[in-house]
Participant: 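Could you have a look at this structure, given as structure tokens, before my questions?
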Amino acid sequence: MSLIEKARNYVMSRRSFLGATATLAVGAVAAVTLPGCGLQKVDSDRAAELANEQGEWITAACWHNCGGRCLNKAYVVEGVAIRQKTDDTHQDSPDYPQQRGCARGRSHRKMVMGADRLKYPMKRKNWEPGGGKKELRGNDEWVRISWDEALDIVASEIKRIKGKYGNVSIFAPVGGSGGGLEPLRVLNAYGGCTERWGSVSWGAWPVVWQQVTGIADTGAASGNDRFRLRQSKLIILWGANPAQSSQGLPTFNYLQAKKAGAKFIVIDPLYSESARVLADKWLPIRPATDTTLILGMAYHILTNNLLDQKFLDNCCLGFDADHMPEGADPKDNFKDYLLGTYDGTPKTPEWASQICGLSAETIREFAQEYATTKPAAIISGGAPARINNGEHLPHAMITLGLMTGNVGIPGAGVSPNMHNSSTNAGPALVKPGNNGIPTVKNPLKSSINSGEMWSAVLHGKYTESKGNVKDVNIQMIWDWFGHTINQRAGATLGIEAHRKVEFSLAQNLFLTTDARYSDVVLPVISQWESLGGLLTGNREILIYYRQIMKPLFEAKSDMWIATELAKRLGVDPKIVNPISEAQALYNQIAGAMVMKTDGSGYEKLVTLTADDIKELGAQGAPQTGRISYKEFKEKGIYQVPRSPGDKLEFTSFVDFRADPAGKKLATPSGKFEIYCDSLAKAIEKVGFTTKSPIPKYDPPREGYEDGAKNGYPFQVITIHYFRRSHSTLDNVPWLREAFPQELRINTNDAEKMGIKNNDIVKVSSRHGSVIRPAMVTERIMPGVVALGEGAWIEMDEQAGVDKAGCTGILDGHIPTGQGHTGFNSCNVKLEKYAKPLDPDVKWPQRIIF
Ligand SMILES: Nc1nc2c(c(=O)[nH]1)N[C@H]1C(S)=C(S)[C@@H](COP(=O)(O)OP(=O)(O)OC[C@H]3O[C@@H](n4cnc5c(=O)[nH]c(N)nc54)[C@H](O)[C@@H]3O)O[C@H]1N2
Ligand SMILES: Nc1nc2c(c(=O)[nH]1)N[C@H]1C(S)=C(S)[C@@H](COP(=O)(O)OP(=O)(O)OC[C@H]3O[C@@H](n4cnc5c(=O)[nH]c(N)nc54)[C@H](O)[C@@H]3O)O[C@H]1N2
Ligand code: SF4
Ligand SMILES: [Mo]
């Protein structure tokens, strides 16, 4: 009997023991977890047994929005992954490194085959058309239902809600991690829906970067590739922690730059893992105050004649009164703002020090070092800009680089270069083809910002644009490939909103927070159970992962669900699902392109014979490419050969710097815009807050200044965490054990409050409370606490606290700026919590059937 069959039988027998329904009241799952459940039990029992059996190493997807991308291989016996390993396709070397995975990737087996996988469609016991006892969402029992019943319920609720309220009442808040869009295909083909908009990821970077530099791509197009980085003399990691948030290769690449002589300065409230590995100097700064540090530095640079005046004159708009755009008030230039000529406040290091917490002396020294070391690179994560009304931060940071001319030179630059392009900026050197599935457009123009979506559901109003408040009556929420309640600010309102609507639906692999507060839950397959696909990562790699196992239990793909719903809604299934899965995969492989070694353009990557095409089960013509299909399939990766000095190196803005008049930037002035009218107008148009055309400090809502005055003496930062990719993988017991979800608090603060290591602390913001054990450490500055984002909400409704420490509970539902979410501007107060709390690794898993 195969392992999967055993697992099936095991779970089936438990199910009959438990009866046809199972309870998953909040915090009451203990009944179903006793003897080590289902797959994991069988998995561990059989792993040793199968260990010597002949299997195959197959490239397995590591498909999450994890900030890296590595080669992940599974040893598959009888259709079961019994072991994992990472890249050993070639010898490791600094110039041609292996693409090695992290602890999360190497634990994937425990997620995909987790005992808590959703196995069958389910409905809430007290559900009725229109909602039934809606207040029971999150506390009701689950009833297993057939796929037919599940799809019939979903289709009839969609029809009913459309008939009664119109398509606009169906809310499909597309995920932050940019997952599949299958539900949108069917909804759009059926008349449309209301969507969600606004970056929940890169903070204020995207619109600022685009308007000020003219480049739309925020991450990959900014900075240096890994070879050019080795030319840097000084690398400033400004609120960037690649060792944790760009796992895989980047830290290794930074170490090569360090070996080549770069000095590292880390600016971060935390003495982060990256600081530990790389930093020559650590500058602890109060969260959400970085703009003041930059202005203080800029003042020093200006008043000490450290400017690159020629670069400013030729390449930038708006630095001083002589370089302002036509029609603008000359008084509104940046130089006079720094000097305080008209507002009476010079932005001196002393002024900055009061806000950011670094001494004026430190600010001067840092400014002096930055301005006199060339080339120097400022590399920022999203974190310092992930603050309310924070557009001034990226604008000021870019301006600092412009003032010293540290831009457009190999090894220099200012960039939000993080995530999987970290340490390796530049156009993709290898990329997949288009899968050939056309998008289905939403006929409605209805979309609500993340910072207003829950209040819109609860109160029926949202901002469409400046001065344009619209009514909306949301009656259905459909969550998929995103963790909508958990991963957005204002999670308490998210729960209320889910309890208010007439129908709430989730499709996922697990009983996530969204699923828990839904009426119907649909189990989906993981990528390990799909036919396969291509994954991009850093610019040098393309991963080809294949099917590891057949779909587990009754899990189905998102596309299958959308297609079946289309049939029930009278929509042509061909619109929703126009080509086979095999054809879509083939299209990506056949269309994959690789940069020619001389950098002059792309050529086909994969040679495909008629037999290969047949094996792939697709239609197409044979073609010649750089590598054979067999090699691509067996290695599961193509990695572009590189060497220092090759024609594929990259530094942004080199061409522009060399010829500013000929190679203009795509901004209105053709230059970098320190005075950026289009940015100010773009922000104003959104309708939440305004921004000056120059980078003026504008204290963020719920930033440092706001909390100290109002009874919230601490600031919380919500960091991307080792344990998981956002919320994904949070349920893997190995990872829970290895990386506890702790509240980091400074030793002096803890002492003052009588808090010791592992004491349970209640953290409260204006928006909600969580409890977590303390990790008392000198590796965080006083006045700041840190909590990893992504823990799955586990409400103790009586006490009004989330026991898991989900940061979405603490962060406010606050729309500002370009409509991004400001997760790192949040004020909290702390108190010792009287009741004990078990480590979350000991909590029952969310197993229903
Ligand atoms: N392990 C892990 N890695 C991930 C992810 C994940 O979920 N888990 N998610 C990925 C995704 S989608 C993204 S967008 C990226 C995000 O990547 P980042 O934004 O770079 O990651 P963060 O952990 O939020 O913050 C980086 C560092 O900034 C510091 N910081 C926080 N607030 C401030 C501030 O106001 N000023 C300064 N100077 N520093 C500050 C933090 O202490 C942290 O050390 O991470 C990616 N990588
Ligand atoms: N407080 C706070 N919150 C944050 C952040 C922060 O710094 N602080 N960071 C933010 C950032 S940078 C980002 S990018 C967002 C990420 O926000 P989200 O995208 O909402 O978060 P994920 O945890 O990545 O959610 C992915 C979900 O999709 C599911 N899934 C995976 N594969 C499939 C599939 O094939 N089909 C379906 N239907 N589901 C699938 C996973 O199980 C998981 O539940 O979070 C943001 N949230
Ligand atoms: S960094 Fe991402 S892709 Fe790489 S192993 Fe970890 S989770 Fe997987
Ligand atoms: Mo993100």
Side-chain angles (χ1 to χ4, degrees), residues 62-72 86 99-106 108 111 175-180 182-183 199-203 237-242 244-248 266-270 272-275 283 285-290 293 380-387 393 416 418-420 422 479-484 486-489 491 506-510 512-515 522 524-527 530 535 537 557-558 561 715 717-730 780 784 786-790 806-808 810-811 821 823-826:
C62 212
W63 71 98
H64 312 292
N65 187 17
C66 62
R69 194 61 75 223
C70 323
L71 189 62
N72 196 349
T86 187
Q99 308 289 326
R100 294 195 199 168
C102 74
R104 296 166 299 169
R106 293 174 199 231
H108 244 75
M111 181 189 108
S177 291
E182 292 80 2
S199 171
V200 293
S201 183
W202 291 71
L237 293 178
W238 202 311
N241 182 11
Q244 182 159 278
S245 66
S246 302
Q247 292 185 53
V266 171
I267 304 170
D268 199 311
L270 265 185
S272 65
E273 283 67 23
S274 305
L283 303 181
I285 188 167
R286 286 188 188 120
T289 67
D290 298 78
L293 166 60
S380 188
R386 211 174 279 121
I387 57 175
L393 182 271
M418 57 159 194
H419 207 273
N420 57 17
S422 174
D479 296 303
W480 82 94
F481 219 143
H483 203 164
T484 317
N486 215 82
Q487 292 307 110
R488 309 289 166 264
Q507 64 195 50
N508 207 307
L509 291 90
F510 303 101
T512 56
T513 308
D514 296 347
L522 307 177
V524 300
I525 58 165
S526 72
Q527 290 303 306
S530 77
L535 282 168
S557 73
D558 293 300
I561 295 169
Q715 292 182 272
I717 48 173
T718 66
I719 54 175
H720 291 79
Y721 204 47
F722 268 128
R723 186 202 273 192
R724 51 196 173 241
S725 166
H726 305 289
S727 65
T728 307
L729 293 145
D730 188 49
I780 188 164
V784 183
L787 204 52
E789 60 103 21
C806 172
T807 51
L810 298 173
D811 284 314
T821 308
F823 296 111
N824 286 329
S825 42
C826 181

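Note that ligands are numbered from 1 as they come in the structure, with each ligand's atoms numbered from 1 the same way.
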Participant: What part of E789, side chain, backbone, both or neither, has a heavy atom within less than 4.0 angstrom of ligand 2?
Facilitator: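 The answer is the side chain of E789.
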Participant: Taking 4.0 angstrom as the limit and counting only heavy atoms of G101, give me the atoms of ligand 3 inside it, by number and element.
Facilitator: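 Here the atoms of ligand 3 in question are 5 (S).
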Participant: Classify the side-chain pair S245/H720 by whether it contains a donor and acceptor separated by less than 3.5 Å.
Facilitator: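 No - no donor-acceptor pair under 3.5 Å links their side chains.
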Participant: Kindly say whether G788 contributes a backbone atom to a donor-acceptor pair with the side chain of T718 at under 3.5 angstrom?
Facilitator: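 Not at all, since once roles are kept as given, no pair shorter than 3.5 Å links the two residues.
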Participant: Does at least one non-hydrogen atom of R386 fall below 4.0 angstrom from an atom of ligand 1?
Facilitator: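 R386 counts as a contact of ligand 1 under the 4.0 Å cut-off.
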Participant: Tell me the protein heavy atom at minimum distance from atom 8 (Fe) of ligand 3, and give that distance in Å.
Facilitator: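 The closest one turns out to be C62 SG, 2.3 Å.
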Participant: Considering only heavy atoms, which of D479, L810, D558, T718 lies nearest to atom 8 (N) of ligand 2?
Facilitator: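 Shortest heavy-atom distance from atom 8 (N) of ligand 2: T718.
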Participant: For atom 4 (Fe) of ligand 3, grab the closest protein heavy atom and report residue, atom and distance to one decimal in Å.
Facilitator: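 Residue, atom and distance for the closest contact: C70 SG, 2.2 Å.
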Participant: Atoms of ligand 3 less than 4.0 Å from C66 heavy atoms?
Facilitator: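 Result: 1 (S), 2 (Fe), 3 (S), 7 (S).
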Participant: Test of understanding: given a 4.0 Å heavy-atom threshold, classify the contact between W202 and ligand 1 as side chain, backbone, both, or neither.
Facilitator: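 Neither; nothing of W202 gets under 4.0 Å from ligand 1.
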Participant: Give the atom numbers and elements of ligand 1 that come within less than 4.0 Å of a heavy atom of G67.
Facilitator: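 Going through ligand 1 atom by atom, the ones under 4.0 Å from G67 are 10 (C), 46 (C), 47 (N).
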Participant: With a 4.0 Å cut-off on heavy atoms, is R723 in contact with ligand 1?
Facilitator: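 In this structure, R723 fails to qualify as a contact of ligand 1 - no heavy atom is under 4.0 Å.
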Participant: Between M111 and T728, does a side chain to side chain contact (heavy atoms under 4.5 Å, CB included) hold up when you go through it step by step?
Facilitator: CA-CA 9 Å; M111 181 189 108; T728 307; 4.0 Å; yes
Participant: Is a side-chain donor or acceptor of R386 paired with a backbone partner of S201 at a separation under 3.5 angstrom?
Facilitator: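 Checked: pair present.
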Participant: Can you list the atoms of ligand 1 that are under 4.0 Å from a heavy atom of L270?
Facilitator: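 Selected atoms, number and element: 42 (O).
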Participant: Run the numbers for me: atoms of ligand 2, each under 4.0 Å from some heavy atom of T807, listed by number.
Facilitator: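 Near T807, the atoms of ligand 2 are 1 (N), 2 (C).
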Participant: Would you tell me which option among A103, G239, G381 has the nearest heavy-atom contact to atom 26 (C) of ligand 1?
Facilitator: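 Looking at heavy atoms only, G239 sits closest to atom 26 (C) of ligand 1.
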Participant: Can you check whether F823 has an N/O within less than 3.5 Å of an N/O in ligand 2?
Facilitator: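 No, there is no polar N/O contact under 3.5 Å.
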Participant: Does ligand 2 have any atom sitting under 4.0 Å from a heavy atom of R488?
Facilitator: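 Flag set, R488 near ligand 2.
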Participant: Just heavy atoms, cut-off under 4.0 Å: does W63 contact ligand 2 by side chain, backbone, both, or neither?
Facilitator: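 The part of W63 near ligand 2 is the side chain, not the backbone.
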Participant: Indicate, as side chain, backbone, both or neither, the part of S245 found under 4.0 angstrom from ligand 1 when only non-hydrogen atoms are considered.
Facilitator: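 Both parts.
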Participant: I need the contact type for N65 against ligand 2. Using non-hydrogen atoms and a strict under-4.0 Å cut-off, is it side chain, backbone, both or neither?
Facilitator: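 N65 to ligand 2: side-chain contact only, backbone stays beyond 4.0 Å.
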Participant: May I ask you to decide if S526's main-chain N or O and W63's side chain share a donor-acceptor pair within less than 3.5 Å?
Facilitator: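 Flag not set: sc W63 to bb S526 has no pair under 3.5 Å.
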Participant: Relative to ligand 2, is S725 under 4.0 angstrom through side chain, backbone, both or neither, heavy atoms considered?
Facilitator: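 Looking at S725 and ligand 2, just backbone atoms fall under 4.0 Å.
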Participant: Pick one of side chain, backbone, both or neither for how C66 approaches ligand 1, counting any non-hydrogen atom pair under 4.0 Å.
Facilitator: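 Within the 4.0 Å criterion, C66 contacts ligand 1 through backbone atoms alone.
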Participant: Given the rule in the side chain to side chain contact (heavy atoms under 4.5 Å, CB included) test, do I561 and E182 qualify, once you have shown the distances and angles that lead to the verdict?
Facilitator: CA-CA 8 Å; I561 295 169; E182 292 80 2; over 6 Å; no
Participant: Any sub-3.5 Å donor-acceptor pair from T86's side-chain atoms to L71's backbone N or O?
Facilitator: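 Checking the backbone N and O of L71 against the side chain of T86, a donor-acceptor pair under 3.5 Å is found.
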Participant: Which option wins on minimum heavy-atom distance to atom 34 (C) of ligand 1: I387, N824, D290, T289?
Facilitator: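 Of the listed residues, D290 has the closest heavy atom.
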Participant: Do ligand 2 and D811 have nitrogen or oxygen atoms that lie under 3.5 Å from each other?
Facilitator: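 Such a contact does occur with ligand 2.
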Participant: Kindly say whether E789 contributes a backbone atom to a donor-acceptor pair with the side chain of R724 at under 3.5 angstrom?
Facilitator: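 Confirmed, R724 side chain pairs with E789 backbone.
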Participant: Report the part of R724 in contact with ligand 1, treating N, CA, C, O as backbone and CB onward as side chain, heavy atoms under 4.0 Å; options are side chain, backbone, both, neither.
Facilitator: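 Near ligand 1, R724 shows its backbone, while the atoms from C-beta on stay back.
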Participant: Tell me which one of N508, V200, I719, V524 gets a heavy atom nearest to atom 41 (C) of ligand 2.
Facilitator: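 Nearest heavy atom to atom 41 (C) of ligand 2 lies in N508.
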Participant: Please determine whether any non-hydrogen atom of H720 lies less than 4.0 Å from an atom of ligand 2.
Facilitator: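 Right, H720 reaches ligand 2.
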Participant: At under 4.0 Å between heavy atoms, is it the side chain or the backbone of H726 that contacts ligand 1, or both, or neither?
Facilitator: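 Both backbone and side chain of H726 come within 4.0 Å of ligand 1.
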Participant: Quick one: look at T728 and ligand 2, take heavy-atom pairs under 4.0 Å, and tell me if it's side chain, backbone, both or neither.
Facilitator: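 For T728, the contact with ligand 2 is made by both the backbone and the side chain.
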Participant: Assess whether ring pair (Phe, Tyr, Trp, His ring centres under 6.0 Å) is satisfied between H64 and H108, documenting all intermediate values.
Facilitator: CA-CA 11 Å; H64 312 292; H108 244 75; 4.9 Å; yes
Participant: Which bit of I285 gets closer than 4.0 Å to ligand 1, counting heavy atoms only: side chain, backbone, both or neither?
Facilitator: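 Side chain only.
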Participant: Within the 3.5 Å criterion, strictly below it, is a donor on N486 or S727 matched to an acceptor on the partner's side chain?
Facilitator: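 S727 and N486 do not have a side-chain donor-acceptor pair below 3.5 Å.
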Participant: Would you say the side-chain atoms of N824 pair up with the backbone N or O of A383, donor to acceptor, closer than 3.5 Å?
Facilitator: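 Looks like yes, one N/O pair under 3.5 Å.
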Participant: Side chains of W238 and D290 only: does a donor on one sit below 3.5 Å from an acceptor on the other?
Facilitator: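 Present: a donor and an acceptor within the cut-off.
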Participant: Of S272, S825, P269, which has the heavy atom at the shortest distance from atom 40 (C) of ligand 1?
Facilitator: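 Minimum heavy-atom distance to atom 40 (C) of ligand 1 goes to P269.
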Participant: Less than 3.5 Å between some nitrogen or oxygen of T484 and one of ligand 2, yes or no?
Facilitator: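 T484 vs ligand 2: no N/O contact under 3.5 Å.
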Participant: Answer yes or no for H64: is there an N/O/S atom below the 2.8 Å cut-off from atom 2 (Fe) of ligand 3?
Facilitator: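 Checking atom 2 (Fe) of ligand 3 against H64, no N, O or S atom falls under 2.8 Å.
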Participant: Any N or O of A288 that comes nearer than 3.5 Å to an N or O of ligand 1?
Facilitator: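 Yes - when backbone and side-chain N and O of A288 are compared with those of ligand 1, one distance drops under 3.5 Å.
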Participant: Among Q487, M111, H483, H419, whose heavy atom sits nearest atom 46 (C) of ligand 2?
Facilitator: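 Looking at heavy atoms only, the winner is Q487.
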Participant: Check this for me - ligand 1, R286, N or O atoms closer than 3.5 angstrom, yes or no?
Facilitator: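 No; the residue has no nitrogen or oxygen that sits under 3.5 Å from a nitrogen or oxygen of the ligand.
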Participant: Tell me whether Q487 contacts the main-chain N or O of T484 through its side chain, where contact means a donor paired with an acceptor under 3.5 Å.
Facilitator: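 No, Q487 side chain to T484 backbone: no donor-acceptor pair under 3.5 Å.
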Participant: Of all the atoms in ligand 2, which lie at a distance below 4.0 Å from a heavy atom belonging to T512?
Facilitator: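 Close to T512: 44 (O).
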Participant: Which of the numbered atoms in ligand 2 are under 4.0 angstrom from any heavy atom belonging to G482?
Facilitator: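 By the 4.0 Å cutoff, the relevant atoms are 19 (O), 20 (O), 25 (O), 26 (C), 27 (C), 28 (O).
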Participant: With heavy-atom distances below 4.0 Å as the criterion, list the atoms of ligand 1 near I717.
Facilitator: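 Checking each atom against I717, I get 31 (C), 32 (N), 42 (O).
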Participant: What about S201: any of its N or O atoms under 3.5 Å from an N or O on ligand 2?
Facilitator: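 No.
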Participant: State the atoms of ligand 3, each with its element, that fall below the 4.0 Å cut-off from a heavy-atom position in G105.
Facilitator: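 By the 4.0 Å cutoff, the relevant atoms are 5 (S), 6 (Fe), 7 (S), 8 (Fe).
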Participant: Counting N and O atoms only, with roles assigned by atom type, does the side chain of Q715 sit under 3.5 Å from a partner on the main chain of P287, one being a donor and the other an acceptor?
Facilitator: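 Confirmed, Q715 side chain pairs with P287 backbone.
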Participant: Near G382, which atoms of ligand 1 are under 4.0 Å from a heavy atom of that residue?
Facilitator: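 Result: 18 (P), 19 (O), 20 (O).
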Participant: Kindly confirm whether atom 6 (Fe) of ligand 3 is within less than 2.8 Å of some N/O/S atom in C102?
Facilitator: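 C102 does place an N, O or S atom closer than 2.8 Å to atom 6 (Fe) of ligand 3.
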